[in-house]
Amino acid sequence: MVKFGLQFKATLENVTKVRPLGDDFRWFLKLKCGNCGEIPDKWQYITLVESVPLKGGRGSASMVQKCKLCARENSIDILGDTITPYNAEDNERFKTMVQFECRGLEPVDFQPQAGFAAEGAESGTQFPEINLLEKDWTDYDEKVSESVGIYEVTHQFIKC
């Protein structure tokens with residue numbers, strides 16, 4: 001089993017603690033089969049809530065799938081205790097936001113969507129419904145009369 005870290009990078013304007021919200025947050029990934037190299041065209045999502053038993057009683061994973069090309073059974077598990085917010089001091093630098101434990105799979109792409117949250121850097125105002133599908137998000141913090149935003153969202157995967 002191999003651990004991969006999803007590193008997040010963005011430009012933050014007057015916000016901090018950008019994070020996935022809730023155990024039902026959907027991590028949309030493209031996964032490559034480690035056996036044959038097949039990468040399906042469709043996005044697949046995994047959540048902390050979902051848990052599937054592994055064959056042979058070896059525990060469980062967030063997702064177990066059989067490769068459509070080589071029929072190998074592979075799995076990926078979200079390591080919930082590794083989920084970390086992206087803060088103002090991380091601005092414009094890659095930071096590992098979550099780690100995945102993979103058996104036979106390798107994450108090759110990530111698509112941020114709805115379900116992110118953040119808070120005002122100075123006001124503490126909560127912004128619970130952030131959608132990063134467009135790689136940018138803007139709003140207005142009425143407590144401090146400032147615009148807030150998350151811009152130029154990008155990512156990379158690293159082996160941990």
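- Between Tyr45 and Phe28, the ring-plane angle classifies as tilted under the 30° and 60° cut-offs.
- In terms of hydrophobic clustering, with Ile, Leu, Val, Met, Phe, Trp and Tyr side chains grouped at heavy-atom distances under 4.5 Å, Leu29 and Val64 are assigned to different clusters.
- Inter-residue side-chain proximity for Asp141 and Glu122 is flagged as unmet; no heavy-atom pair is nearer than 4.5 Å.
- The environment of Lys3 atom NZ is sparse: at most 12 non-hydrogen atoms of other residues, nucleotides or ligands sit within 6.0 angstrom.
- Here the CZ atom belonging to Arg19 is positioned 12.0 Å from the CZ atom belonging to Phe8, to the nearest 0.5 angstrom.
- What you find for Lys9 and Glu92 is that their closest heavy atoms are CE-O, 3.4 Å.
- Val2 places a side-chain heavy atom less than 4.5 Å from the side chain of Phe4.
- At least one side-chain heavy atom of Gln99 sits less than 4.5 Å from a side-chain heavy atom of Cys160.
- Of the possible donor and acceptor atoms, none in the side chain of Asn87 sits under 3.5 Å from a partner among the backbone N and O of Glu89.
- Counted by atom type alone, Gln111 and Gln113 present one or more donor-acceptor pairs between their side chains at under 3.5 Å.
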Verdict with reasoning, Lys66 to Glu73, per salt bridge (charged side-chain N to carboxylate O under 4.0 Å, His left out): CA-CA 4 Å; Lys66 204 174 244 192; Glu73 187 171 277; 5.8 Å; no

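- In the hydrophobic clustering of this structure, Phe25 groups with Ile46; members are Ile, Leu, Val, Met, Phe, Trp, Tyr whose side-chain heavy atoms approach within less than 4.5 Å, directly or through other members.
- For the atom pair NZ (Lys30) and CG (Asp109), the distance works out to 6.5 Å, reported to the nearest 0.5 Å.
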Derivation of the side-chain hydrogen bond (donor to acceptor under 3.5 Å, both in side chains) call for Thr96 and Gln7: CA-CA 4 Å; Thr96 301; Gln7 293 195 320; 3.2 Å; yes

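- Using modelled atom types, no side-chain atom of Asn14 and backbone atom of Ala121 make a donor-acceptor pair closer than 3.5 Å.
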Pair Tyr151-Trp137, ring pair (Phe, Tyr, Trp, His ring centres under 6.0 Å): steps then yes or no: CA-CA 6 Å; Tyr151 309 103; Trp137 167 84; 8.6 Å; no

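- Note that OG of Ser62 is 11.0 Å distant from CH2 of Trp27, once rounded to the nearest 0.5 Å.
- Once rounded to the nearest 0.5 Å, the distance linking CD of Glu152 with OG1 of Thr154 reads 9.5 Å.
- Note: Asp23 CG to Ile83 CD1 = 7.5 Å, rounded to the nearest 0.5 Å.
- Annotation: side chain of Ile150 is in contact with side chain of Leu132 (closest heavy-atom distance under 4.5 Å).
- When the shell of 6.0 Å around NZ of Lys143 is examined, it contains more than 12 heavy atoms from other residues, nucleotides or ligands.
- Ring geometry for Phe100 versus Phe157: interplanar angle of 30 to 60°, hence tilted.
- The nearest pair of heavy atoms linking Pro85 to Asp90 is O-OD2, 4.1 Å.
- Counting heavy atoms from C-beta outward, Cys102 and Ser75 have side chains that stay 4.5 Å or more apart.
- Thr47 places no side-chain N or O within donor-acceptor distance of the main-chain N or O of Asp24, the cut-off being under 3.5 Å.
- Centroid-to-centroid, the aromatic rings of Phe127 and Phe116 stay 6.0 Å apart or farther.
- Taking every heavy atom of both residues into account, Cys70 and Asn35 meet most closely at SG-ND2, 3.3 Å.
- Using a 4.5 Å heavy-atom cutoff, the side chains of Gln156 and Phe94 are in contact.
- By the neighbour-count criterion of 12 heavy atoms within 6.0 Å, atom NZ of Lys95 is densely surrounded, having more than that number from other residues, nucleotides or ligands.
- Connection of Val18 to Ile130 is established within a shared hydrophobic cluster, with ILVMFWY side chains joined at heavy-atom distances below 4.5 Å, either directly or through further cluster members.
- Cys67 and Asn74 make their closest contact through CB-ND2, 4.2 Å (heavy atoms, listed as atom of the first residue, atom of the second, distance).
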Chi angles and distances behind the side-chain hydrogen bond (donor to acceptor under 3.5 Å, both in side chains) call for Glu13, Ser147: CA-CA 8 Å; Glu13 177 189 14; Ser147 63; 2.9 Å; yes

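- Within a 6.0 Å radius of CD in Glu129, no more than 12 heavy atoms belonging to other residues, nucleotides or ligands are found.
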Working for side-chain contact (heavy atoms from CB on, under 4.5 Å), residues Gln44 and Met63: CA-CA 10 Å; Gln44 299 171 287; Met63 182 178 74; 4.2 Å; yes

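- If you take NZ on Lys17 and CG on Leu12, they are separated by 13.5 Å, rounding to the nearest 0.5 Å.
- Using a 4.5 Å cut-off on side-chain heavy atoms (C-beta onward), Thr82 and Met97 make no contact.
- Using the six-membered ring where Trp is involved, Phe110 and His155 have ring planes that are perpendicular, over 60° apart on the 30 and 60° scheme.
- Contact detail for Asp77 and Ser60: the closest heavy-atom pair is OD2-O, 4.0 Å.
- Cluster annotation: Val98 and Leu79 are assigned to distinct hydrophobic clusters (Ile/Leu/Val/Met/Phe/Trp/Tyr, side-chain heavy-atom contacts under 4.5 Å, transitive).
- Open room surrounds CZ on Arg26; 12 or fewer heavy atoms of other groups in view lie less than 6.0 Å from it.
- What you find for Gly104 and Arg72 is that their closest heavy atoms are CA-NH2, 3.9 Å.
- Side-chain atoms of Ile76 and Leu31, non-hydrogen and from C-beta on, do get closer than 4.5 Å to each other.
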